[in-house]
Amino acid sequence: MPSSEKMKTNKLFVGGLPAALSEEQLRVYFEKYGKIQNFQFIVNKMTNTRKAFCFILFESSEAVEKITEGKIPPNSVVHTIEGHTVTVRRSSTRIIPFRRKS
């Protein structure tokens, strides 16, 4: 499999996400690139507030390719949404091995 095929993913990382941007605003902006399956917002358990990043899962990897302009991680692309600047990049799926306690 060519290395470009290995890098294809339908999961997008969005960083520098201000609290002022709602899921609906993100949906309106990113749906112009492709159909969104869901958002994964990470919440700070201590403060119960959304952290400054999220993941967006698209139905196809082509949407992520368009958004990231073909850049390979760790390079990111800047997008401006409703006057707020966010950085986006392909999300790499890492498999973390399970370790048994001895």
Side-chain angles (χ1 to χ4, degrees):
M1 180 184 300
S3 62
S4 62
E5 284 297 313
K6 289 180 188 174
M7 292 305 299
K8 287 194 175 189
T9 179
N10 65 334
K11 192 172 186 180
L12 182 74
F13 170 85
V14 181
L17 191 62
L21 274 178
S22 69
E23 179 178 334
E24 185 59 29
Q25 289 170 307
L26 291 168
R27 182 175 300 281
V28 167
Y29 181 82
F30 285 111
E31 271 194 333
K32 63 185 173 188
Y33 295 100
K35 186 138 175 68
I36 295 171
Q37 286 183 345
N38 69 8
F39 287 86
Q40 295 174 337
F41 292 100
I42 311 304
V43 176
N44 181 323
K45 292 177 184 169
M46 299 294 284
T47 62
N48 204 28
T49 57
R50 187 177 81 185
K51 291 191 178 184
F53 66 94
C54 75
F55 298 95
I56 304 174
L57 194 62
F58 288 88
E59 286 189 358
S60 73
S61 61
E62 286 79 23
V64 174
E65 291 298 311
K66 287 184 219 173
I67 294 167
T68 59
E69 300 171 357
K71 295 205 177 192
I72 298 173
N75 298 324
S76 58
V77 178
V78 175
H79 285 259
T80 303
I81 307 168
E82 302 278 331
H84 301 283
T85 302
V86 298
T87 57
V88 298
R89 65 177 179 259
R90 292 183 191 108
S91 177
S92 59
T93 306
R94 285 188 254 165
I95 299 173
I96 300 170
F98 176 76
R99 287 189 175 170
R100 291 184 184 205
K101 291 183 179 180
S102 306

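We use all heavy atoms of the structure for the numbers below, so side chains are in, but hydrogens, waters and symmetry mates are not. Residues take their numbers from the sequence shown, with the count starting at 1.
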Legend entry - L21 and Y29, any side-chain heavy atoms less than 4.5 Å apart: no
Inset, instruction - Search all heavy atoms of S76 against all heavy atoms of T87 and return the closest pair with its distance. - result: OG-CB, 4.0 Å
Inset, instruction - Would you kindly confirm whether L57 and V28 end up in one hydrophobic cluster when ILVMFWY residues are joined by side chain heavy atoms under 4.5 Å apart? - result: no
Inset, instruction - Please answer whether the main-chain N or O of I67 pairs with a side-chain N or O of H79 as donor and acceptor at a distance below 3.5 Å. - result: yes
Inset, instruction - Assess whether salt bridge (charged side-chain N to carboxylate O under 4.0 Å, His left out) is satisfied between E62 and K66, documenting all intermediate values. - result: CA-CA 6 Å; E62 286 79 23; K66 287 184 219 173; over 6 Å; no
Inset, instruction - Kindly indicate whether the side chain of K11, heavy atoms from C-beta on, has any atom under 4.5 Å from the side chain of Q40. - result: yes
Legend entry - Taking every non-hydrogen atom, the tightest pair across G34 and A63: CA-CB, 4.0 Å
Inset, instruction - Answer yes or no: is there a donor N or O on one side and an acceptor on the other, between the side chain of N10 and the main chain of F58, under 3.5 Å? - result: yes
Legend entry - Spacing of N44 atom CG and K51 atom NZ [to the nearest 0.5 Å]: 5.5 Å
Legend entry - Under 4.5 Å side-chain linkage, directly or through intermediates, the cluster mates of F53: F13, I42, F55
Inset, instruction - Could you tell me whether the side chain of K8 reaches within less than 4.5 Å of the side chain of R90, counting heavy atoms only? - result: no
Legend entry - Side-chain donor/acceptor of R50 to backbone N/O of P18, under 3.5 Å: yes
Inset, instruction - Decide yes or no for L17 and L26: does some side-chain heavy atom of the first lie under 4.5 Å from some side-chain heavy atom of the second? - result: yes
Inset, instruction - Report the distance from atom CD1 of I56 to atom CG of L12, rounding to the nearest 0.5 Å. - result: 5.5 Å
